[in-house]
Peer 1: 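Attaching a single structure in structure tokens format; questions to follow.
Whatever order the structure lists them in is the order used to number ligands and atoms, beginning at 1. Computed from a predicted model, the values in this text were never measured in an experiment.
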Amino acid sequence: MDKLRIAGGRPLEGEVRVSGAKNSALPIMCAALLTDQPLALGNVPRLMDVSTMARLLSQMGVAVERPADGAMVLRAAEVNDPTAPYELVKTMRASVLVLGPLLARCGRAKVSLPGGCAIGQRPVDQHVKGLQAMGATIAVEHGYMHAGAARLRGARIVMDLVTVTGTENLMMAAVLAEGATVIENAAREPEVVDLAKCLSAMGARIEGAGTDVIRVEGVRSLAGAAHRVMPDRIETGTYLVAAAAAGGKVRLAGAAPETLDATLEKLREAGARISTGDSSIEIEMSGRPGAASLRTAPYPGFATDMQAQLMALDSIASGTALITETIFENRFMHALELQRLGADISIEGNTAVVTGVGRLQGANVMATDLRASAGLVIAGLVAEGETVIDRIYHLDRGYEALETKFAALGARIERIR
Ligand code: UD1
């Protein structure tokens, strides 16, 4: 199993090019199931999760090609096996995103229940409830959801809570349904908007993506399209927080600054100087960061996917920060690993009390989930001496060329195979 070795203590200087968004690429790849025509995508990141999704779609009969770096062409001329097996769903929960499109296209689907996940329970009841409102029957047998519907009907769906993939699944089901669907309390995440743009390019009729009420007027069929995946706001945020922690001056190119308001606000609070262009962000930081308290929330609130990175920053800040996690119930596992590096963190319920220390010390740590690992990399970059991070397959799921990009900024970081 690969590890990362980091020798901390160097400021970061230079430019990084942001990759396409994982959380946008995954649902958009599933949208290919909705048409027998080719869907040509650009800015698709090279990530384990993207390969896993490609494998899942291939198993169903979708032809997936990667003609050039960042390009991907998917064609679901026929879908011969609308099944998402446990082996793939358990490694990547986003596999559940095939459920809506499969039902819409094939009238049936067999999708494994995702099961537990390291960061919380993450049920799919809202996906199921919405599809049932659209006329689907869904039975759970032997760990699989067996779904069926002659043709989905438009419906008014009020989500009990804000769910990103739930909103995306229902939106993809609704585009081919008979009549209008209204999704209330919908997720407003930029990735939902990116998916809506791609679906619209395919001929779907969607209004309100980016607000909490999405209205979809079903159409008979969709066509192929070309779409460029939006920049990854979490990757962008991760490099920004790393620069704020390690100090220095970093420019993020190919970014979407308008999707990062909450993160930029926290970084400014911590003392970073930030300027934004149309598609770039520059950050400059000198001296010790100030503590920045936060509370995670659905977009446009502070992203739970940036929480671990901010905790790493707060670990070395002057002052005490309160970090409250409201989205996932078990998303503080990185706190224990940060403590191994010398951080002063205590957990009280869903709040972490982080008292900044003058310096962290390198140690061996273990990555527990994707974003937790990113927090550990940031801590390793500022710790004195050597930090070795084990189980970095979590990082490979969601960060393209992480060690290459950090090394280009002057970090001493290498992969040990
Ligand atoms: C997506 C993102 C993930 C991010 C998360 C929250 C993708 C591929 N992943 O995950 O990176 O951390 O949003 O921003 O886009 N819930 C239910 N019932 C449901 C669905 C969700 O109770 O049917 C709960 C979950 O347990 C969680 C909360 O709702 O507590 C939000 O989860 P959700 O937005 O669905 O997360 P994902 O879409 O899985």
Peer 1: Using 4.0 Å as the upper bound for N to carboxylate O, is an ion pair formed by Arg391 and Asp369?
Peer 2: no
Peer 1: Using 4.0 Å as the upper bound for N to carboxylate O, is an ion pair formed by Arg5 and Glu414?
Peer 2: yes
Peer 1: We want to know whether Thr296 and Glu325 form a side-chain donor-acceptor pair, criterion being a heavy-atom distance below 3.5 angstrom.
Peer 2: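 Yes - a donor-acceptor pair under 3.5 Å links their side chains.
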Peer 1: Show which atoms of ligand 1 fall inside a sub-4.0 Å distance from at least one heavy-atom site of Val124.
Peer 2: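 Counting from 1, the qualifying ligand atoms are 19 (C), 23 (O).
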Peer 1: Output the list of atoms in ligand 1 that are nearer than 4.0 Å to some heavy atom of Arg93, sorted by atom number.
Peer 2: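 Here the atoms of ligand 1 in question are 39 (O).
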Peer 1: Under a 4.0 Å threshold between the charged nitrogen and the carboxylate oxygen, would Glu217 count as salt-bridged to Arg205?
Peer 2: no
Peer 1: Could you tell me which atoms of ligand 1, counted from 1 in the order shown, lie closer than 4.0 angstrom to a heavy atom of His127?
Peer 2: 23 (O)
Peer 1: Do the side chains of Asp81 and Lys110 get close enough for a salt bridge, i.e. N-O under 4.0 angstrom?
Peer 2: no
Peer 1: Heavy atom under 4.0 Å from ligand 1: found in Leu161's side chain, backbone, both, or neither?
Peer 2: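 The part of Leu161 near ligand 1 is the side chain, not the backbone.
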Peer 1: Considering the heavy atoms of Arg331, write down every atom of ligand 1 situated less than 4.0 Å from one of them.
Peer 2: 12 (O)
Peer 1: May I ask you to check whether Phe328 has an N/O atom sitting below 3.5 Å from an N/O atom of ligand 1?
Peer 2: no
Peer 1: Side chain, backbone, both or neither: which part of Asp125 has a heavy atom under 4.0 Å from ligand 1?
Peer 2: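 The part of Asp125 near ligand 1 is both the backbone and the side chain.
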Peer 1: Just which atoms of ligand 1 are under 4.0 Å from any heavy atom in Thr304?
Peer 2: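 Answer for ligand 1: 6 (C), 12 (O), 14 (O).
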Peer 1: Among Asp160, Leu370, Asn23, Asn169, which one has a heavy atom closest to atom 9 (N) of ligand 1?
Peer 2: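 Heavy atom nearest to atom 9 (N) of ligand 1 belongs to Asn23.
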Peer 1: Report the residues that fulfil side chain to side chain contact (heavy atoms under 4.5 Å, CB included) with Gln37, sequence neighbours left out, ordered by chain and then residue number.
Peer 2: Thr35, Arg75
Peer 1: So is Thr165 polar-close to ligand 1, meaning N/O to N/O under 3.5 Å?
Peer 2: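 N/O-N/O distance under 3.5 Å: yes.
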Peer 1: Which of the numbered atoms in ligand 1 are under 4.0 angstrom from any heavy atom belonging to Gln126?
Peer 2: 18 (N), 19 (C), 23 (O)
Peer 1: Ser24: which residues meet the side chain to side chain contact (heavy atoms under 4.5 Å, CB included) condition with it, sequence neighbours left out?
Peer 2: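 Side chain to side chain contact (heavy atoms under 4.5 Å, CB included) list for Ser24, sorted by chain: Ala21, Ile28, Glu191, Asp194, Val229, Met230.
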Peer 1: Among Pro123, Pro298, Ala303, which one puts a heavy atom closest to atom 19 (C) of ligand 1?
Peer 2: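 The option holding the nearest heavy atom is Pro123.
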Peer 1: Can you find an N or O of Ile327 that's nearer than 3.5 Å to an N or O of ligand 1?
Peer 2: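 Between Ile327 and ligand 1 (N or O atoms, distance only) the closest approach is under 3.5 Å.
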Peer 1: When you check the gap from the basic side-chain N to the acidic O, do Glu400 and Arg46 get nearer than 4.0 Å?
Peer 2: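 No.
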Peer 1: Salt bridge check: are Asp305 and Arg233 linked by an N-O gap of less than 4.0 Å?
Peer 2: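 Between Arg233 and Asp305 there is no salt bridge, as every charged N stays at least 4.0 Å from the carboxylate O atoms.
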